[in-house]
Structures are given as C-alpha cells and as structure tokens.
Number of protein chains: 2
Amino acid sequence: MFPLDRTDRVLLHALQADGRATVKELGAAAGLSPSAAHERVRRLQRAGVVTGVHAALDPSAVGIGLQALIQVQLTRHSRETLASFREHALSLPETLAVAHVTGAMDFLVRVGVRDSDHLRDLALDAFTTRPEVARLETAIVYEHVLATHWPVVTRDER
Amino acid sequence: MFPLDRTDRVLLHALQADGRATVKELGAAAGLSPSAAHERVRRLQRAGVVTGVHAALDPSAVGIGLQALIQVQLTRHSRETLASFREHALSLPETLAVAHVTGAMDFLVRVGVRDSDHLRDLALDAFTTRPEVARLETAIVYEHVLATHWPVVTRDER
DNA sequence: TGTGAAAAGCAGCCTGC
DNA sequence: GCAGGCTGCTTTTCACA
C-alpha cells in the first residue's frame with residue numbers, strides 16, 4: 001500500500017471536495033508551495049491512489065426523474081454467469097452503479113430512469129429477459145447520497 | 001429543466017470522464033473555441049447541472065479492505081426518525097453512500113472498513129445501538145462500480 | 001522532498017460577428 | 001451564441017538546497 005502522510009490526506013481531502021482546485025489552492029491547503037503540491041498530486045495519481053476526477057451531475061437536470069435499485073438473483077453462480085451479467089448491467093445506459101454482494105440477492109443495480117414506465121420497460125426488457133436472471137426485486141430510491149469525503153482508515157499517523 | 005443540446009452533452013460527457021480537463025480540451029471535444037466552451041461550462045455549473053467535481057480514490061489505497069452494505073429497517077417511519085437516522089449515517093466516517101429506499105428495508109448504507117472486525121464493531125456500535133434501528137442485515141460487497149458516464153435520458157434532440 | 005525562478009500554456013475578459 | 005486576441009495567472013520544469 002502506498003504510504004500516505006498527513007499532507008497527502010489533506011491533498012486527497014481537498015481533491016475530493018473540489019476536483020478542479022488549482023495546484024496553488026491545494027498547496028495552500030496543505031501548507032506547501034505550488035510546485036511541491038503539484039509533485040505530490042502527480043505522485044498520488046501515478047500510484048493509483050487517485051483513480052480519477054469526475055464531474056457529478058444533478059440527476060433531474062439530465063432527465064432522471066426516478067432512481068431504482070434492481071436486486072438480482074442469478075440462476076447460477078459460475079464465473080461466466082457472474083461476468084456476463086456484470087458486463088450486461090454496466091453496458092446499460094440507465095445504470096448508475098453495480099454492486100456484487102453476498103446474501104439472497106447477487107447483484108444490486110442502481111438505475112436512473114425517466115419515470116415508472118421507463119423503469120418497467122427497463123426491468124422487463126433488460127433484466128427479466130436475461131438467461132442469467134432468476135429473480136428480480138425492485139425498490140424505488142427516494143434519496144441517494146454519495147459521501148464526498150473518504151477517510152483514510154489506515155492507522156499509521158505519519 | 002435546463003435545456004441541454006448535443007454540445008452540452010459532449011461537454012458533460014468529457015467532464016465526467018476527466019473533471020480536470022482544460023477548457024481548451026473540452027472545447028476541442030465539442031468542436032468549440034476555448035472561450036465558447038468556457039462560457040458553456042460555467043453556465044452548466046451555474047444552472048446546477050454539474051453539482052461538483054470530485055476525485056475518486058482507490059479504496060484499498062486508503063485502507064478500505066472491505067466494503068459492506070448495511071440494510072436497515074427502522075422502528076418508526078416518522079419524518080424525525082428518518083431524518084435523524086439519515087444524519088447519523090452520513091456523519092459516520094466509514095459511510096460511502098446512503099440510500100433511502102422502498103421495500104422491507106428502509107435504508108441501505110454502504111460502508112468502507114478495514115476488515116471484518118472493524119465491520120462488526122461498526123454494526124454493533126454505530127447501528128444496533130441506535131433507537132431508530134429495528135433490524136439490520138449486512139451484506140459483504142465483493143465489487144462496487146460507479147458509472148462514470150450518465151446518459152442524458154431526455155428525448156429532445158436539440 | 002522541498003523551494004524559488006523562469007518559461008510555456010491557460011483562464012478569463014472583452015470586442016466584434 | 002461564437003471566435004479571436006489580449007493580459008495576468010497558473011502550471012510545469014529545473015537547478016539547488
């Protein structure tokens with residue numbers, strides 16, 4: 001694991017809060033010169049600690065009137081079946097997130113749709129038709145909030 | 001709803017793929033001059049279509065060895081109970097996402113922990129002790145993938 | 001790893017279509 | 001609503017500590 005010190009944590013925090021922050025701002029937050037902050041940010045990216053910087057959109061602004069959680073139980077649990085369903089779910093334009101989990105249901109797919117008609121069409125056309133799918137259970141998502149600040153749960157306090 | 005044309009969609013797509021892209025690059029992707037791209041990006045931000053730009057981190061790099069989905073059934077469904085549990089869940093450093101959903105379970109909280117000991121401590125100390133919580137069901141998350149490209153599901157093709 | 005200076009490139013603004 | 005030019009700031013590199 002890439003060792004993260006206090007300065008790295010400050011930089012990561014700042015980049016999670018505002019991914020477009022300038023190196024100058026990041027440096028100021030971490031008590032570093034712009035060039036030093038730049039070097040550290042580049043290193044964090046090269047080391048794969050920062051996997052990317054992405055814009056977050058307002059669901060309703062892009063036509064998503066409804067979010068749902070489609071819980072899927074597979075017919076079989078072979079590697080092929082899992083991989084095949086995973087790929088399919090990720091390929092759907094409505095898919096916002098895919099989770100492969102333990103328990104009665106194998107996959108949870110969070111989707112963004114226009115309305116309940118769109119949701120029904122999606123469930124019937126893109127899920128129940130699949131040979132991998134044994135059972136579906138769909139829940140409406142009233143609200144979904146992503147944490148914008150991941151803590152560094154490591155204990156070392158370097 | 002803010003009207004989005006083809007050019008806006010290209011800009012949004014580019015910003016989702018790389019939130020640190022320069023206005024020059026965004027313009028090139030959309031077939032626009034840097035100044036025009038800049039103007040449109042600013043408008044998309046002011047209109048709230050782009051709610052923010054955030055760095056994504058590698059879970060294992062920040063000490064998250066395990067992710068779990070804690071499903072919570074509440075004792076009561078009053079506005080106060082819902083709000084109180086929601087706030088509590090969002091305040092936990094381990095929380096990665098919170099969803100309020102329909103169905104047997106009321107909330108789904110995705111958490112990032114070091115290991116199974118950490119998960120047990122979290123469940124016992126931060127969930128089962130809460131008066132709002134009637135029942136817990138915890139599932140291990142083998143894999144979680146967030147879509148980095150939200151489609152614009154609107155139909156108008158302006 | 002960090003600083004500071006210098007060069008290159010970009011953002012931000014303005015003017016004219 | 002867009003292009004092009006201008007100015008100041010930011011990024012990026014490099015020598016040095």
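Chain letters run A, B, ... following the sequence lines, proteins first, then strands; residues in each count from 1.
The distance from atom CG of A:Asp5 to atom P of C:dG2 is 8 Å, rounded to the nearest whole Å. Between B:Arg43 atom CZ and D:dC2 atom C1' there is a gap of 11 Å when expressed in whole angstrom units. In this structure, CZ of A:Arg20 is placed 13 Å from P of C:dC10, rounded to the nearest angstrom. Straight-line distance from the CG atom of A:Leu26 to the C1' atom of D:dT12: 15 Å, rounded to whole Å. Rounded to whole angstrom, the span from the CD atom of B:Glu39 across to the P atom of D:dA3 amounts to 12 Å. The NZ-P distance, from B:Lys24 to C:dC10, rounds to 4 Å in whole Å.
Counting any heavy atom pair closer than 4.0 Å across all strands shown, A:Arg42 reaches sugar-phosphate atoms only and no base atom. Counting any heavy atom pair closer than 4.0 Å across all strands shown, B:Thr22 reaches sugar-phosphate atoms only and no base atom.
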Apply side chain to side chain contact (heavy atoms under 4.5 Å, CB included) to residues A:Leu15 and A:Val41 and explain how you reach the verdict. CA-CA 9 Å; A:Leu15 274 174; A:Val41 168; 4.1 Å; yes

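Annotation for A:Arg79: atom CZ does not count as buried by contact number, only 12 or fewer foreign heavy atoms lying within 6.0 Å.
No side-chain donor from either of B:His88 and B:Glu132 sits under 3.5 Å from a side-chain acceptor of the other.
A donor and an acceptor atom sit less than 3.5 Å apart, one in the side chain of B:Ser35 and one in the base of D:dG4.
Phosphate contact (OP1/OP2 of C:dA11, side-chain N/O of B:His38, threshold under 4.0 Å): absent.
In this structure, B:Asp5 pairs ionically with B:Arg40, as a charged nitrogen and a carboxylate oxygen lie closer than 4.0 Å.
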